[in-house]
K.L.:
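My questions will all concern the structure given below.
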Amino acid sequence: MAKILVTGGCGYIGSHTIVDLIENGYDVICVDNNARSNPGILDGVQKITGRSVKNYKVDLCSYDDTFAIFQENTDIKGIIHFAAYKAVGESVEKPLMYYENNMSSLINLLKCVQEFSIPWFVFSSSCTVYGNPDNSLVTEETPQKPAESPYGATKQMGERILTDFQLKSAATRCILLRYFNPVGAHPSILIGELPIGKPQNLVPAITQTAIGKLPRMTVFGTDYDTRDGSCVRDFIHVSDIAHAHTLAIRSLESGHQEAGTEIFNLGTGNGVTVLEAIKAFEKVSGQKLNYDLGPRRAGDVVAIYANNDKARQSLGWDPRFGIDDMMRTAWEWEQKLKADSQLFASAPPQLN
Ligand code: WQD
């Protein structure tokens, strides 16, 4: 069983990806400093898979500590790199913290990839690299606009660093995965999203309002040039995103990759408006949501959704979950968190 190192594996997408990798026969280790994640999520991974996953509680900004992981695990074949700060609003307030954390961790990791000749590298990228596209339906070839935030800029730079690195390190093949809007929870409802502080993203804002953790939520802007005036997004179930990572590792393992670095959009291909997402939630939860119609949020892209043909054809990816499944699993997870408040009592420090 090929050993895969998952960075940020205690996070939302990382933990779901570890489940999928184990279920598809891979041996997995995790590195996560738990600054923004809860190590308890790996207990949920163990309940689902029956396998315990070792976490190295290491900050990838420390080259020496990162190097030591590879010295101890000389059989690592692949790396999936999730570990990064990802709050768009916070990145605007603290740009240096984002550039330092997201870029130096990636560079330290790549120095180790070079030193230990690791053959496969998968990078967690984002649709945010497109900025505000002229055409809402984007392919991997859609020209990138200036990123709307320092967070988005770290994803654009990360892609460029990897592409240039790979050109000089041909023995390592890379895949960049551009997520659209990951939402929902694993169907077992044993793992899910653990937002820190007040949720910035739409779906946790919906579920926390519905459960009563938030008094109400606001729809940011209903005067856009879209079918109902609210923004359009491509919501994609986190388990579909997770499986795409396993397929990316399998593609690298097969050696069939044409170019040294390949890029894939991970979205359903369906654009859903914010108001439609709220209606889907109300339908599956049977609850009326307490929300206001408010002003636009600075930096928001009006409409974006994925052309996912490339991932379908090259990776054999076939996203399974629809918007109702996404809302249902998100809601069931929120209800689970409320019912078992001790589940993740030792929550990580709040955003400072
Ligand atoms: C979606 C829509 C909001 C909250 C960001 C990152 C992206 C990825 C996902 C990491 C927007 C509206 C939201 C609320 C609202 N991050 N909204 N009320 O901004 O599309 O994408 O998160 O992988 O890289 O850029 O996601 O969920 O914040 O917003 O009306 O309380 O929901 O205005 O139109 P976004 P989001």
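Along the sequence shown, residues are numbered consecutively beginning with 1. Numbering of ligands and ligand atoms starts at 1, following listing order. These numbers were taken from a predicted model, which means no experiment stands behind them. In what follows, every heavy atom counts, from backbone to side chain, and hydrogens, waters and symmetry copies are set aside.
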K.L.:
Relative to the heavy atoms of Val219, which atoms of ligand 1 are at a distance of less than 4.0 Å?
P.N.:
30 (O)
K.L.:
Does a salt bridge link Arg173 with Glu262, judged by any charged N lying under 4.0 Å from a carboxylate O?
P.N.:
no
K.L.:
Using a heavy-atom cut-off of under 4.0 Å, does the side chain or the backbone of Arg296 touch ligand 1, or both, or neither?
P.N.:
neither
K.L.:
When you compare ligand 1 with Leu202, is there at least one nitrogen or oxygen pair between them that comes in under 3.5 angstrom?
P.N.:
yes
K.L.:
Any carboxylate oxygen within less than 4.0 angstrom of a Lys/Arg side-chain nitrogen, looking at Arg178 and Glu140?
P.N.:
no
K.L.:
Got a second to check how far Thr261's OG1 is from Phe123's CZ, nearest 0.5 Å?
P.N.:
11.5 Å
K.L.:
Which part of Asn181 is near ligand 1, with near meaning a heavy atom under 4.0 Å away: side chain, backbone, both or neither?
P.N.:
side chain
K.L.:
Is the Lys NZ or Arg CZ of Arg296 less than 6.0 Å from the centre of Tyr224's six-membered ring, within 45° of the axis?
P.N.:
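So Arg296 does make the cation-pi contact.
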K.L.:
Is the distance between the ring centroids of Phe121 and Phe165 under 6.0 Å?
P.N.:
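Distance test on ring centres: not under 6.0 Å, no.
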K.L.:
Run the contact test for Tyr291 against ligand 1 with a 4.0 Å cut-off on heavy atoms, strictly below, and give the result.
P.N.:
no
K.L.:
Enumerate the atoms of ligand 1 whose separation from the nearest heavy atom of Thr128 is less than 4.0 angstrom.
P.N.:
24 (O), 25 (O)
K.L.:
Please could you name the atoms of ligand 1 that Met217 approaches to less than 4.0 Å, counting only its heavy atoms?
P.N.:
18 (N), 31 (O)
K.L.:
Does the gap between the ring centers of Phe82 and His245 come in under 6.0 Å?
P.N.:
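Yes, close enough.
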K.L.:
Side chain or backbone, does Cys231 bring an N or O within less than 3.5 Å of an N or O on ligand 1?
P.N.:
no
K.L.:
Quick one: look up the protein heavy atom nearest atom 23 (O) of ligand 1 and list residue, atom name and how far away it is.
P.N.:
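Among all protein heavy atoms, the one nearest atom 23 (O) of ligand 1 is Tyr151 OH, 3.3 Å.
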K.L.:
Would you call Arg312-Asp309 a salt bridge at under 4.0 Å N-O?
P.N.:
no
K.L.:
Below 3.5 angstrom, do we get any N/O pair linking Ser126 and ligand 1?
P.N.:
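N/O-N/O distance below 3.5 Å exists for this pair.
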K.L.:
Of the backbone atoms (N, CA, C, O) and the side-chain heavy atoms from C-beta on, which set of Asp300 has a member under 4.0 Å from an atom of ligand 1: side chain, backbone, both, or neither?
P.N.:
side chain
K.L.:
Under 6.0 Å from the ring centre and within 45 degrees of the ring axis: does the NZ or CZ of Arg36 meet both conditions for the six-membered ring of Tyr85?
P.N.:
yes
